[in-house]
Amino acid sequence: MRVITQLSTGGPEVLELGERDIPEPLPTEIRVRVAAAGVNPVDWKTRAGAGMAAVLGPPPFTVGWDVAGTVDAVGAGVTRFSVGDAVFGMPWFPRQAGAYAEFVTGPSRHFAHRPAGLSEVEAAGLPLAGLTAWQCLVDIAAVEPGQRVLVHAAAGGVGHLAVQIAKARGAYVIGTASAGKHHLLHDLGIDEAIDYRAEAFEKAIEPVDLVLDLIGGDVAVRSLDVLHPDGRLICLPSAAATDALAAAAERGFRATAMLVEPDGDDLEELAHLVEDRRLRVLVAETFPLERASHAHRAGELGRTAGKLVLTV
């Protein structure tokens with residue numbers, strides 16, 4: 001099978017097209033013929049030697065965790081899926097899944113059935129970003145109707161999904177993004193969009209119950225100024241959360257660093273939102289598998305609204 005691999009860490013140019021044997025599913029695993037693979041910040045950070053590189057170990061390795069495709073084979077003990085089922089998932093994270101490939105194997109419970117209203121390309125953009133947003137808003141914060149939620153980088157891969165999930169749970173949602181992306185956010189149902197380039201968000205926003213910070217650095221620390229006393233700050237990426245967590249503890253706020261986990265049940269919840277037309281996956285651009293390096297370059301520019309996806 002074709003696969004994207006790398007023999008060293010470094011820039012996008014280290015990604016190269018190679019060949020590897022098609023994997024066989026172990027008991028409780030499925031094999032998926034990959035139609036599309038999502039591209040996430042953790043992918044290019046890992047490629048460069050940060051992100052999950054320490055988990056994967058030294059190269060060669062294959063990055064990528066988001067997949068959508070068709071079940072090609074099932075291991076002993078699998079009851080949730082049959083050959084031919086359309087699925088999407090985020091297997092093995094943070095261990096190697098090797099999603100930038102024609103076939104992927106993983107535990108059946110790291111996948112979910114792809115809803116009919118979601119294309120393979122859209123489904124490939126949903127697992128990691130969608131699970132991150134869901135686990136922050138639902139599992140950690142338990143967002144309730146009427147609460148005020150601030151999402152930083154609201155037009156990004158995680159952000160645009162978080163906006164919709166928070167709205168689906170009845171929250172009043174505020175998001176920061178450049179002015180050119182505000183039309184997209186209003187189309188997704190956001191209540192307030194703040195142009196972070198034109199004004200300091202902490203001066204423009206009334207107190208909120210939850211801040212979902214998808215940027216890090218001083219943005220997370222400044223976000224404490226808009227939190228209710230009993231509010232919560234959730235910081236991603238978790239590696240950049242140290243200063244914010246310390247500042248929150250100093251001021252008596254609740255703050256949490258978060259790393260997403262595979263969860264087939266949560267994927268099913270996301271699929272239900274798609275079926276109910278309360279969740280859309282915005283795909284900014286697609287690239288064929290052999291142009292994975294171009295997808296990484298596009299992602300590292302930091303200007304993407306929605307998701308980048310490889311087609312296989």
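Side-chain atoms are counted along with the backbone in the values below, which use heavy atoms only and exclude waters and symmetry mates. Since this is a predicted model, take the numbers as computed values, not measurements.
- If you check the side chains of H272 and E269, you find no donor sitting under 3.5 Å from an acceptor.
- A salt bridge between R278 and D276 is present, with a side-chain N of the basic residue lying under 4.0 Å from a carboxylate O of the acidic one.
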Take R222 and D213 through the salt bridge (Lys or Arg N to Asp or Glu O under 4.0 Å) test and state the conclusion after the steps. CA-CA 10 Å; R222 289 162 53 203; D213 173 46; over 6 Å; no
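- Although no hydrogens or angles enter the test, the distance criterion places a donor-acceptor pair under 3.5 Å between the side chain of R148 and the main chain of E206.
- Between V32 and D72, every side-chain heavy-atom pair lies at or beyond the 4.5 Å cut-off.
- Contact check for L7 versus P59: no side-chain heavy atoms found under the 4.5 Å cut-off.
- Other residues, nucleotides and ligands contribute at most 12 non-hydrogen atoms within 6.0 Å of the CZ atom of R303.
- Formation of a donor-acceptor pair under 3.5 Å by the Q147 side chain with backbone atoms of E144 is found in this model.
- Between R280 and L188 the shortest side-chain heavy-atom distance falls below 4.5 Å.
- Aromatic ring centres of F201 and H152: separated by under 6.0 Å.
- Atom CD of residue E275 and atom CD of residue E268 lie 8.5 Å apart, to the nearest 0.5 angstrom.
- For the pair V63/F61, a side-chain contact is recorded, criterion being any heavy-atom separation below 4.5 Å from C-beta on.
- Here the side chain of W65 pairs no donor or acceptor atom with the backbone of P127 at under 3.5 angstrom.
- Atoms CG and CG, from L227 and L150 in turn, are 8.5 Å apart once rounded to the nearest 0.5 Å.
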Run the salt bridge (Lys or Arg N to Asp or Glu O under 4.0 Å) check on D66 and K307 step by step: do they pass? CA-CA 11 Å; D66 277 348; K307 295 302 303 289; 3.7 Å; yes
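- A salt bridge links R2 to E290: one of the charged nitrogens lies within less than 4.0 Å of a carboxylate oxygen.
- Side-chain contact of R47 with T9: a donor-acceptor pair under 3.5 Å is absent, judged by distance alone.
- A donor-acceptor pair is defined here as one N or O able to donate and one able to accept, closer than 3.5 Å; such a pair exists between the side chain of R80 and the backbone of F111.
- Listed for the Q96 side chain is no donor-acceptor partner under 3.5 Å among the backbone atoms of G98.
- Under a cutoff of 6.0 Å and an axis angle of 45°, R31 and F103 form a cation-pi pair.
- The ring of F81 has its center closer than 6.0 angstrom to the ring center of H113.
- Between Y100 and A37 the shortest heavy-atom distance is CD1-CB, 4.3 Å.
- Contact of the T105 side chain with the E24 side chain is not registered, since no non-hydrogen atoms from C-beta on lie closer than 4.5 Å.
- Side-chain contact between D266 and D139 is present, with at least one heavy-atom pair separated by less than 4.5 Å.
- Nearest heavy atom pair, residue T256 against residue L245, reads N-CD2, 3.8 Å.
- Contact check on R109 versus D265 returns no salt bridge, with no Lys/Arg side-chain nitrogen under 4.0 Å from an Asp/Glu carboxylate oxygen.
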Apply side chain to side chain donor-acceptor pair (under 3.5 Å) to the pair T62 and R20, showing each step before the final yes or no. CA-CA 11 Å; T62 295; R20 189 177 298 163; 3.0 Å; yes
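- Listed here is the closest heavy atom pair of L131 and P262: CD1-CA, 4.4 Å.
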Report the C-alpha distance between V143 and L210 in whole Å, list the side-chain angles of each, state the deciding distance to 0.1 Å, and finish with yes or no for side-chain contact (heavy atoms from CB on, under 4.5 Å). CA-CA 8 Å; V143 169; L210 174 68; 3.7 Å; yes
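- The closest donor-acceptor contact from the side chain of H294 to the backbone of F287 lies at 3.5 Å or more, if one exists at all.
- Summarising the geometry of P25 relative to V74, their closest heavy-atom pair is CG-C, 4.2 Å, with the distance given to 0.1 Å.
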Please report the C-alpha distance between K167 and D191 in whole Å, then the side-chain angles of each, then the deciding distance to 0.1 Å, and finally whether the salt bridge (Lys or Arg N to Asp or Glu O under 4.0 Å) criterion is met. CA-CA 9 Å; K167 287 299 299 179; D191 296 290; 2.9 Å; yes
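- Counting only heavy atoms from C-beta outward, the side chains of I4 and E16 never approach each other to under 4.5 Å.
- Within 6.0 Å of atom CD in E250, 12 or fewer heavy atoms from other residues, nucleotides or ligands are found, so the atom counts as exposed in its surroundings.
- In terms of modelled atom types and a separation under 3.5 Å, the side chain of H110 and the main chain of P107 share no donor-acceptor contact.
- In terms of heavy-atom proximity, D225 sits nearest to E202 at CB-CB, 4.2 Å.
- For the pair R114 and F88, the tightest heavy-atom approach, listed with the atom from each and the gap, is CA-CD2, 3.7 Å.
- You'll find the side chain of F93 reaches within 4.5 Å of the side chain of V260, heavy atoms only.
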